[in-house]
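In what follows, a single structure is set out as structure tokens and then discussed.
The structure displayed is predicted, hence computed values, not measured ones. Just so you know, these numbers use all the heavy atoms, side chains as well, and skip hydrogens, waters and symmetry mates.
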Amino acid sequence: MGTKEKISEELLLEEETVKQNEIVLFNDDVNTFDHVIDTLIAICDHTPEQAEQCALIVHYKGKCTVKTGEYSDLEPRCSALLNAGLSAEIV
């Protein structure tokens, strides 16, 4: 096995061990677009454009992944989204 192949194999193993979770935001009939956008900007560090796109996707598709990362980072963010009245879960 060559050095290049060995390095590639090691990188693949590292990628498999880092489990990325996602916060999925769900549509509801309660919250306004402005509230969803402002909340995504504040809690998920979205840009205004990114937050608006996510809000539109949630509205038309029913759900949207709004943040990806390690569970320890996502858990407090998801809790804050729930506390703000949004419907979200970590998958």
Side-chain angles (χ1 to χ4, degrees):
M1 179 184 291
T3 305
K4 188 174 182 179
E5 290 172 345
K6 188 172 183 176
I7 291 171
S8 294
E9 185 177 322
E10 289 173 3
L11 287 174
L12 286 174
L13 290 175
E14 279 184 37
E15 287 177 11
E16 288 177 12
T17 59
V18 177
K19 175 71 171 120
Q20 293 289 304
N21 295 97
E22 300 175 341
I23 296 177
V24 178
L25 183 66
F26 296 96
N27 191 28
D28 62 43
D29 295 328
V30 180
N31 293 294
T32 65
F33 276 97
D34 286 340
H35 177 64
V36 173
I37 291 167
D38 292 342
T39 304
L40 289 174
I41 292 168
I43 295 171
C44 294
D45 301 323
H46 283 202
T47 64
E49 295 82 7
Q50 184 180 15
E52 183 178 354
Q53 288 175 347
C54 286
L56 287 169
I57 291 169
V58 168
H59 179 72
Y60 288 110
K61 300 282 185 173
K63 64 182 181 177
C64 178
T65 297
V66 295
K67 193 74 173 175
T68 302
E70 294 184 23
Y71 187 87
S72 59
D73 176 51
L74 299 182
E75 197 277 328
R77 293 177 192 267
C78 188
S79 294
L81 291 171
L82 295 172
N83 290 335
L86 304 182
S87 299
E89 71 178 10
I90 299 174
V91 295

Open item on the list: Tell me whether Y71 shares a hydrophobic cluster with L25, the cluster being built from Ile, Leu, Val, Met, Phe, Trp, Tyr side chains joined at under 4.5 Å.
Closed with: yes
Open item on the list: Same cluster or not: I43 versus F33, using hydrophobic residues (I, L, V, M, F, W, Y) connected whenever any side-chain heavy atoms lie under 4.5 Å apart?
Closed with: no
- [ ] Please round to the nearest 0.5 Å and tell me the distance separating atom CG of L56 and atom NZ of K61.
- [x] 12.0 Å
- [ ] For residues A55 and I37, report the shortest heavy-atom separation together with the two atoms involved.
- [x] CB-CG1, 4.0 Å
TODO: Check K63 against I57 and note the closest heavy-atom contact, atom names and distance.
DONE: O-CG2, 3.6 Å
- [ ] Please name the residue in the list I41, L86, V58 that meets the side chain to side chain contact (heavy atoms under 4.5 Å, CB included) test with V36.
- [x] L86
TODO: Check L81 against C44 and note the closest heavy-atom contact, atom names and distance.
DONE: CD1-SG, 4.2 Å
Task: Which atom of L74 lies closest to which atom of G69, heavy atoms considered - done: CD1-O, 3.6 Å
Open item on the list: Does D45 form a side-chain contact (heavy atoms from CB on, under 4.5 Å) with R77? I'd like the steps, not just the answer.
Closed with: CA-CA 10 Å; D45 301 323; R77 293 177 192 267; 3.1 Å; yes
- [ ] Apply the side chain to side chain contact (heavy atoms under 4.5 Å, CB included) test between I90 and each candidate in E75, E22, K67; give the one that qualifies.
- [x] E75
Task: Closest contact, heavy atoms only, C64 versus C54 - done: SG-SG, 3.9 Å
TODO: Check H35 against N31 and note the closest heavy-atom contact, atom names and distance.
DONE: CD2-OD1, 3.1 Å
Open item on the list: Please report the interatomic distance NE2(H59) to CG(D29), rounded to the nearest 0.5 Å.
Closed with: 9.0 Å
